[in-house]
Novice: 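Got a structure for you, questions after.
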Amino acid sequence: MMAQTLYDKLWNSHIVREEEDGTVLLYIDRHLVHEVTSPQAFEGLKLAGRKLWRIGSIVSTADHNVPTGEIEAGIQDPIAKLQVDTLDSNIKEFGALAYFPFQDAGQGIVHVMGPEQGATLPGMTVVCGDSHTSTHGAFGALAHGIGTSEVEHTMATQCITAKKSKSMLIEVSGSLKNGVTAKDLALYIIGQIGTAGGTGYAIEFGGEAVRGLSMEGRMTLCNMAIEAGARSGMVAVDQTTIDYVQGRPFAPKGEHWDKAVAYWRTLVSDEGAQFDKVYRFDAANIEPQVTWGTSPEMVVDVNGRVPDPAAESDPVKRGGMERALQYMGLQAGTPLNEIAVDIVFIGSCTNSRIEDLREAAAVAKGRSKAANVSRVLVVPGSGLVKAQAEREGLDKIFLDAGFEWREPGCSMCLAMNADRLAPQQRCASTSNRNFEGRQGNGGRTHLVSPAMAAAAAVTGRFTDIRALN
Ligand SMILES: CC(C)[C@H](C(=O)O)[C@@H](O)C(=O)O
Ligand code: SF4
């Protein structure tokens, strides 16, 4: 048999039917559901008098609209409240394998909750009406976002219609330097291949530097595959994957576990498998990254400078850079480490897992928020992450440093709840998108790793984390 990629294996094992033009009905194992993209889908089922095809595939939580401050008081914003209440009543009516509603101990950002519950498993097809579903590919799963009509289609039939993407391998050799994290790797890759670099491809991340990442790091990397233009990113299964999954609530148990592990170990690209495109990078060239513009590809090393549009020969790119500098309130040539920040946000499905919080806390420990920084929000990705962090005393470290310790949710990652930037406020953020207005109208977002965000919080400007050690 021909050598297969991991993507080939995941794809082939889920084909229900294939048309001559290559369109496939693809079986979906796990359907993650949040409050923003599910109301119309449930409404469609109701109108057609349909039920869920497989209740046991649905795992749900509320995340985008939930407040992260005083949650005992409930949701103040009527539109947000309606959306979250609608999810409650839909799940009550239709059922689910598991539901973690607002104020539940297991509630959290859907892409943090799924893996930590063992609801995301190797070999699965995972969908959600959310572009960052690519996160779950870290488990050797085929995972991507779907639109609301596909959410309804999946609910009704357990399938989506799809066409196979081209395959891309991004191989990173060597080991990441001290202070350089999966987030820096993700930003670096996007800086190199661009936000359209992965368009039309399913990306497999491999090589020594990727093998060396924890599951949290792999999730951060696959989370940002969508910012590189690819709907899905994935990492082959290895012992790190299996160790992470073992013992989680929805992971297989007993003899099922042994059988599952034997299968999961086959979820790697075969020796000699062919990819449509291959990129190779060396981890030794990667420094801590900071975005300077309004797209994740507008990124430089922390010790670099804001680039000069005049040096760009492509007029379209030059125009984009000029506009970005104006929006961001920056001058070409300014050293990144002289840019002062107003707000710091540590959270989002990119970087709100326990390891991210540990990395931020290691920087915050014994230090305090700089005087020019008005707020530092630390937002755990889920209730379970929050509880774990509190067991480790991380909350105290943050509070002692003058940071805010908040309740789980998407929070300031996007302006859909009460946590937002005011116009022109400059934010060091561990999230994944720095588009105009993403964190609030007129807000200025710089994407960084958790350690770099904490370093910006305590020094008041972008600072090479290694200069603090
Ligand atoms: C609201 C949701 C549909 C959206 C997405 O698809 O990604 C959001 O999570 C985001 O990050 O912009
Ligand atoms: S944390 Fe941000 S990127 Fe992730 S699902 Fe929520 S809004 Fe989207």
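Both counts, for ligands and for their atoms, begin at 1 and track the order of listing.
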Novice: Looking at ligand 2, would Glu227 count as a contact under a 4.0 Å heavy-atom criterion?
Specialist: no
Novice: Considering heavy atoms of the protein only, find what lies nearest to atom 8 (Fe) of ligand 2 and give residue, atom and distance to 0.1 Å.
Specialist: His64 NE2, 3.6 Å
Novice: Check Asp85 with Lys81, please: is the shortest side-chain N to carboxylate O separation under 4.0 Å?
Specialist: yes
Novice: If you look only at pairs with a residue in residues 76-129, which of them pass as a ring-ring contact (aromatic ring centres under 6.0 Å, His included), with sequence neighbours excluded?
Specialist: Phe42-Phe94, His111-His136
Novice: Under a strict 4.0 Å criterion on non-hydrogen atoms, which protein residues are in contact with ligand 1?
Specialist: Val36, Thr37, His64, Gly129, Asp130, Ser131, His132, Met416, Arg433, Arg438
Novice: Measure from the ring center of Phe275 to the ring center of Tyr7 and say whether it is less than 6.0 Å.
Specialist: no
Novice: If you apply the rule side chain to side chain donor-acceptor pair (under 3.5 Å), what do you find for Arg218 with Tyr244, and how did you get there?
Specialist: CA-CA 12 Å; Arg218 294 176 190 183; Tyr244 179 97; over 6 Å; no
Novice: In this structure, which one of Val302, Val363, Leu447 forms a side-chain contact (heavy atoms from CB on, under 4.5 Å) with Met452?
Specialist: Val302
Novice: Taking 4.0 angstrom as the limit, do Asp8 and Lys164 come out as a salt bridge?
Specialist: yes
Novice: So, using salt bridge (charged side-chain N to carboxylate O under 4.0 Å, His left out) as the criterion, who are the partners of Asp464 when residues are at least two apart?
Specialist: Arg466
Novice: Is the contact between Met412 and ligand 2 made by the side chain, the backbone, both, or neither, using heavy atoms and a 4.0 Å cut-off?
Specialist: neither
Novice: Closer than 2.8 Å to atom 4 (Fe) of ligand 2: how many protein N, O or S atoms are there?
Specialist: 1
Novice: Give the C-alpha distance, both sets of side-chain angles, the deciding distance and a yes or no for side chain to side chain donor-acceptor pair (under 3.5 Å) between His34 and Gln83.
Specialist: CA-CA 10 Å; His34 66 54; Gln83 218 162 50; over 6 Å; no
Novice: Apply side chain to side chain donor-acceptor pair (under 3.5 Å) to the pair Ser449 and Glu359, showing each step before the final yes or no.
Specialist: CA-CA 9 Å; Ser449 73; Glu359 286 172 7; 6.0 Å; no
Novice: Do the side chain of Asp130 and the main chain of Gly145 share a donor and acceptor less than 3.5 angstrom apart?
Specialist: no
Novice: Under 3.5 Å, is there a donor-acceptor pair linking the side chains of Thr241 and Asp238?
Specialist: yes
